[in-house]
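Since the structure comes first, as structure tokens, the remarks are kept for the end.
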Amino acid sequence: MIKLKTAEQIEAMREAGRVSAKALRKTGELVRPGISTLELDRFAENLIRMEGGIPAFLGYGGFKGSICSSLNDQIVHGIPSREVILREGDIISIDVGAIIGGWVGDNAATFAVGEIDPKTRRLLEVTEQCMWDAIDAARSCNRLGDIGHAVQSRAEGAGFSVVREYVGHGIGRSMHEPPNVPNYGHKGQGLKLKSGMVLAIEPMINLGTHRTRGPFEDHWTVFTEDGSPSAHFEKTVAITDDAPIILTAE
């Protein structure tokens, strides 16, 4: 069942969103060649706790990190490790969330590690714009298909592909609530969007095929089938009678 939030509850979610956004921004500022994904994870966890929050990912379904750190052809759910060292030319998706007052914030961005090749740079730029297009479509006069169509048309128009198996989601007192929010679809189709819905909108776009493989031994990390790079951007957004409100903002 979709849980609509009141204006007061949406306001209460802003603090979880603020801390999540700060953790993402500050952790992203540390991205550089030579740093391990475990160092990034420990930094994010400490920041969230210093802000009075609880890392939303740590222990969720048995997950061992406070961030998901997904490199290059890893689409989502990469597990932080002291053995994974960032190198010049890599890209890394950092997905992080915080719980404040029982409410959850969730956001992600993909960062370049030093200089990256032009095609991959373009992938990051287009994926971020896909997110902004989707957020603009998250209005009470629209439907879920409008959000997915906004992502799909931008991504495929640029020659990239949209991941099908993993989608955005509702969010509130739980990390994942109904409805699922696909990054593909048709205008005017699907569930009608209503004021009070809070959604984690998160395009996952691949340079090559949309097909995925995994997870394998670690039971979490998902890869592109063809080994091509993947980018991921996400914000927590509240639908209102007016413009959508980005809750993961500092």
Side-chain angles (χ1 to χ4, degrees), residues 16-51 53-61 63-99 104-114 116 120-121 123-128 130-132 163 166 168-169 171 175 200-207 215 218 220-224 229-237 246-250:
R18 182 191 69 81
V19 174
S20 299
K22 184 174 182 179
L24 178 62
R25 179 177 63 84
K26 290 289 191 179
T27 304
E29 290 174 358
L30 296 180
V31 168
R32 64 181 187 277
I35 195 169
S36 74
T37 56
L38 185 63
E39 289 176 89
L40 298 176
D41 181 80
R42 294 293 181 260
F43 176 85
E45 178 180 356
N46 289 337
L47 187 153
I48 290 168
R49 294 193 187 280
M50 287 178 64
E51 292 283 338
I54 299 169
F57 296 1
L58 187 60
Y60 184 86
F63 191 75
K64 296 180 179 179
S66 294
I67 66 171
C68 295
S69 52
S70 306
L71 268 69
N72 299 328
D73 64 334
Q74 297 175 355
I75 300 170
V76 285
H77 305 159
I79 300 174
S81 170
R82 64 171 48 89
E83 297 175 358
V84 177
I85 308 298
L86 301 188
R87 298 179 179 179
E88 183 84 15
D90 286 340
I91 59 172
I92 178 170
S93 164
I94 297 175
D95 193 350
V96 61
I99 302 170
V104 185
D106 187 10
N107 59 176
T110 303
F111 300 91
V113 184
I116 60 176
T120 305
R121 172 68 66 183
L123 174 67
L124 269 59
E125 293 170 350
V126 169
T127 305
E128 184 173 13
C130 284
M131 179 188 69
W132 292 118
V163 172
Y166 299 88
H169 51 89
I171 187 170
M175 172 72 73
I201 292 176
E202 52 178 323
M204 290 155 271
I205 308 299
N206 297 345
L207 185 63
D218 69 13
W220 284 101
T221 310
V222 180
F223 300 81
T224 59
S230 183
H232 177 208
F233 286 83
E234 175 185 22
K235 290 191 184 294
T236 299
V237 178
I246 297 172
L247 299 179
T248 44
E250 290 187 71

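In this chain, residues are counted from 1 in sequence order. Values below: every heavy atom of this structure, side chains too, minus hydrogens, waters and symmetry copies.
- In terms of modelled atom types and a separation under 3.5 Å, the side chain of Thr248 and the main chain of Thr236 share a donor-acceptor contact.
- With rounding to the nearest 0.5 angstrom, the OG1 atom of Thr224 is 9.0 Å from the CG atom of Leu207.
- Taking 4.5 Å as the limit, every side-chain heavy atom of Ile75 sits out of range of all side-chain heavy atoms of Ser70.
- Here Arg87 contributes atom CZ and Ile92 contributes atom CD1; the two are 13.5 Å apart, rounded to the nearest 0.5 Å.
- Looking at heavy atoms from C-beta onward, Phe57 lies in side-chain contact with Cys68 at the 4.5 angstrom threshold.
- In this structure, Phe111 and Ile116 have side chains that are not in contact, with every pair of non-hydrogen atoms separated by 4.5 Å or more.
- Of the charged side-chain nitrogens involved, at least one lies within less than 4.0 Å of a carboxylate oxygen, so that Arg25 and Glu29 count as a salt-bridged pair.
- Within the 3.5 Å criterion, the main-chain N or O of Glu202 finds no donor-acceptor partner in the side chain of His232.
- Looking only at side-chain heavy atoms (C-beta outward), Leu86 and Leu71 come within less than 4.5 Å of each other.
- Looking only at distances, a side-chain donor or acceptor of Asn72 sits under 3.5 Å from a matching main-chain atom of Ile91.
- Using a 4.5 Å heavy-atom cutoff, the side chains of Pro215 and Val222 are in contact.
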- Message: Evaluate Ile94 against Leu24 for side chain to side chain contact (heavy atoms under 4.5 Å, CB included), listing each step before the verdict.
- Response: CA-CA 7 Å; Ile94 297 175; Leu24 178 62; 3.9 Å; yes

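- Side-chain contact between Ser66 and Asp41: present, with at least one pair of heavy atoms (C-beta onward) separated by less than 4.5 Å.
- For the residue pair Ala44 and Ile67, the shortest heavy atom distance occurs at CB-CG2, 3.5 Å.
- The NZ atom of Lys26 sits 14.5 Å away from the CG atom of Asn46 when rounded to the nearest 0.5 Å.
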- Task: Assess whether side chain to side chain contact (heavy atoms under 4.5 Å, CB included) is satisfied between Asp95 and Val76, documenting all intermediate values.
- Result: CA-CA 8 Å; Asp95 193 350; Val76 285; 5.5 Å; no

- Query: So Leu247 and Ile171, side chain to side chain contact (heavy atoms under 4.5 Å, CB included) or not? Walk me through it.
  - Reply: CA-CA 11 Å; Leu247 299 179; Ile171 187 170; over 6 Å; no

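- Here the side chains of Thr120 and Leu124 are in contact, with some heavy-atom distance below 4.5 Å.
- To the nearest 0.5 Å, atom CD1 of residue Ile48 and atom NZ of residue Lys22 are 11.5 Å apart.
- The backbone N or O of Ala16 sits nowhere less than 3.5 Å from a side-chain atom of Arg18 that would complete a donor-acceptor pair.
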- Is there a side chain to side chain contact (heavy atoms under 4.5 Å, CB included) between Val96 and Thr27 once you walk through the steps? CA-CA 9 Å; Val96 61; Thr27 304; 5.9 Å; no

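- For the residue pair Leu58 and Glu45, the shortest heavy atom distance occurs at CD2-OE2, 3.8 Å.
- With contacts defined as side-chain heavy-atom distances shorter than 4.5 Å, the pair Ser36/Ile85 qualifies.
- Within 6.0 Å of CZ in Arg49 there are more than 12 heavy atoms belonging to other residues, nucleotides or ligands.
- With rounding to the nearest 0.5 angstrom, the CZ atom of Phe233 is 9.5 Å from the CD atom of Glu125.
- Ser93 places no side-chain N or O within donor-acceptor distance of the main-chain N or O of Thr110, the cut-off being under 3.5 Å.
- One finds the NE2 atom of His169 at 10.5 Å from the CD1 atom of Ile201 (value rounded to the nearest 0.5 Å).
- Nearest approach of Leu123 to Ile205, heavy atoms of both residues: CD1-O, 3.7 Å.
- In plain terms, the two heavy atoms of Pro80 and Phe63 that are nearest each other are CD-CZ, 4.2 Å.
- Here the closest heavy-atom approach between residue Asn107 and residue Ser20 is recorded as ND2-O, 3.2 Å.
- The two residues Pro33 and Gly114 come nearest to each other via the heavy atoms CD-N, 4.5 Å.
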